[in-house]
Q: 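Next up is a structure, given as structure tokens.
In what follows, chains are A, B, ... by sequence order, proteins preceding strands, each numbered from 1.
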Amino acid sequence: MAQRSRRTAFPRVVIERDTDTEESSSSSEEKKKKKKKVCKNTGHEAGFRGATYIDCPMKPCFLCKIPGHTTMNCPHRVATEYGVIPAPHRNTRNSLDYIFERQIRSDIPKIKPAFVIPDQVDCAVIRYHSRRVTCLEFHPTSNNVLISGDKKGQLGVWDYGKVYEKTVYGNIHSCILNNMRFNPRNDGTLYAASSDGTISCTDLETGTSSSLMNLNPNGWQGPRNWRMLYGMDINLEKGLVLVADNFGFLYLVDFRSNHKTGEAILIHKKGSKVVGLHCNPVQPDLLLSCGNDHFARIWDMRRIETGSSLYNLAHSRVVSSAYFSPQSGCKILTTSLDNRLRVWDSIFGNLDSPSREIVHSHDFNRYLTPFRAEWDPKDPSESLAVIGRYISENYNGAALHPIDFIDTSTGQLVAEVMDPNITTISPVNKLHPRDDILASGSSRSLFIWKPREKSEIVQQRDEKKIVLCGMGELKRNRKLGDESDDSDDDTFCSKGKNSSFKKSKTKTTRCSLKAKR
DNA sequence: AAGATATGTTCCC
DNA sequence: TGGGAACCCTATCT
């Protein structure tokens, strides 16, 4: 592994809840004893040996799901681009395609600026939410404001520029907050879709909330009748909030009148969850949906009824996210529980099969928020995507779960970002729409990542595969919360005492959204 | 410090 | 088609 230079600025960290210390690191001998038996054969082992996980040889590879080898020697583990086939050449049919020809065809020189990777923890709020974080959104106009939702339905507003300006609203939803979108006409208010079956509209300054829709007006009538909202997006041109439920139905709500328009439309297999909705950023008539029926589907908003989808993009398992590319809206990126990212290079081309399938570990785990690969909204080539990684890698003796940056045009791993202090999986990741900032949600905590010095990045990129660590050199063997609780000073910055995420008591202060730009 | 539990999807009967 | 066990590279609370 490349030796990294010592960080120059310490992150600013807020520890929200002063609970008992993390589980202590049990010795490797203890861990050896705890090896799990996953098949009946004696002599087979499965479990951690130190920071390395050993597979049971009877099981198919945990990463690519193909039998015949174990995860340790899976070719996809060595190189993410392994087995990724370049998209076949198509005839140009559309003026926009000319631009994409450059990105797709190998014989045309690519115009691809260097990727900027936010790889160093700048500040964090530890144990901010009371349950795991489920979604993140940057404020559209106030820089430095991050909105977060959690499994309990709570909504966090954090000004990470002023690290201690944060608040959590707890009375908006009663269970999982699945998706959030800002009101495009008033960026002080936010829509959220929850498993409690309601869409909320919240004033972020005051926390006052109204309900746009409630699918369970009569309360709990048993699991057969309880409807949960998952996918959500906003169509500004049509003045609609779009939401989808766990039974396969789409609902359209006019956000000017707050009235449901028309009846619910079955857009996925009846009884299956629709987890994602995305309106095309360029063509307002195009809608993309995905869900548990193993399909992502493209729809024409002008005529949307059961079975009227324009295309059905087949996957072998549940599709946990599907997004049009952020600038041209021409590409599609999906995340599926078969441990593959799929890319369609042009919605004007042949959609029968994806242009690329990239094997990547983002398996479903019932205890985690589902992973969703998201485009970098700032990348003009529309190829960089970010997604957290499920399986751990042994980094200097610590099992860490990095956040991966993947070039979806080649399948290559551009960067894996991790920090030795973050031992939990980071399934929720959001790239800032304007700044070179990554926000990640890991368990109950939030992290803000910024790029380290540019010169360092260039230097590291020359080493082909970048392995980036923040803060690690100082505290490699220390664990979170390990230190004595000797300070009331809860700000940790470049002039702070040390870099570790330290326990301290903090006060929650309200975050002002009247920004400062 | 070990054990319970929450939790979603798949698979099998 | 529906119910229940299996999954078993988690995190937290008791």
Q: Rounded to whole Å, how long is the line connecting atom CZ of A:R127 with atom C1' of C:dA11?
A: 11 Å
Q: What is the separation between atom CG on A:D150 and atom P on C:dA11, rounded to the nearest whole Å?
A: 16 Å
Q: Please report the interatomic distance CE(A:M418) to CG(A:D404), rounded to the nearest 0.5 Å.
A: 8.5 Å
Q: Please list each protein N or O that sits under 3.5 Å from an N or O in nucleotides 1-5 of chain C, with the distance.
A:
| unit_1 | atom_1 | unit_2 | atom_2 | d |
| --- | --- | --- | --- | --- |
| C:dG3 | OP2 | A:R224 | NH2 | 3.3 |

Q: Do A:H360 and A:T80 get their side chains close enough for a donor-acceptor pair, meaning under 3.5 Å?
A: no
Q: For A:H362 and C:dC9, what is the distance between atoms NE2 and P respectively, to the nearest whole Å?
A: 18 Å
Q: Determine whether the side chains of A:N214 and A:T198 contain a donor N or O and an acceptor N or O closer than 3.5 Å.
A: no
Q: Does A:R131 or A:H401 map to a spot on DNA chain C nearer the 5' end, using the closest nucleotide for each?
A: A:H401
Q: Base, sugar-phosphate, or nothing for A:L368, non-hydrogen atoms under 4.0 angstrom?
A: nothing
Q: Tell me if the aromatic rings of A:F182 and A:Y191 count as close, with their centers under 6.0 Å from one another.
A: no
Q: How would nucleotides 7-13 of chain B be written as a contact map, 5' to 3', with B for base contact, S for sugar-phosphate-only contact and - for no contact, using protein heavy atoms under 4.0 Å?
A: BBSS---
Q: Looking across every strand, which nucleic acid part, if any, lies under 4.0 Å from A:S443 by heavy atom: base, sugar-phosphate, or nothing?
A: sugar-phosphate
Q: Could you go through A:S148 and A:W158, starting from their C-alpha distance and side-chain angles, then the distance that decides it, and tell me whether this counts as side chain to side chain donor-acceptor pair (under 3.5 Å)?
A: CA-CA 8 Å; A:S148 49; A:W158 178 34; over 6 Å; no
Q: Is there a side-chain contact (heavy atoms from CB on, under 4.5 Å) between A:L288 and A:I332? Walk through the geometry before answering.
A: CA-CA 9 Å; A:L288 181 61; A:I332 288 175; 4.0 Å; yes
Q: With rounding to whole Å, what would you report as the distance between B:dT7 and C:dT14 at their P atoms?
A: 15 Å
Q: Please check if the side chain of A:N179 supplies one atom and the backbone of A:G276 the other of a donor-acceptor pair under 3.5 Å.
A: no
Q: Indicate whether any N or O donor in one side chain lies under 3.5 Å from an N or O acceptor in the other, for A:S361 and A:N339.
A: no
Q: Carefully, step by step, assess A:H362 and A:Y390 under the rule ring-ring contact (aromatic ring centres under 6.0 Å, His included).
A: CA-CA 5 Å; A:H362 49 258; A:Y390 183 22; 9.5 Å; no
Q: Contact class for A:T71 (heavy atom, under 4.0 Å): base, sugar-phosphate, or nothing?
A: base
Q: Can you measure A:D55 atom CG to C:dC7 atom C1' for me and round it to whole angstrom units?
A: 14 Å
Q: Would you kindly give the OH-to-P distance between A:Y395 and C:dC9, to the nearest whole Å?
A: 19 Å
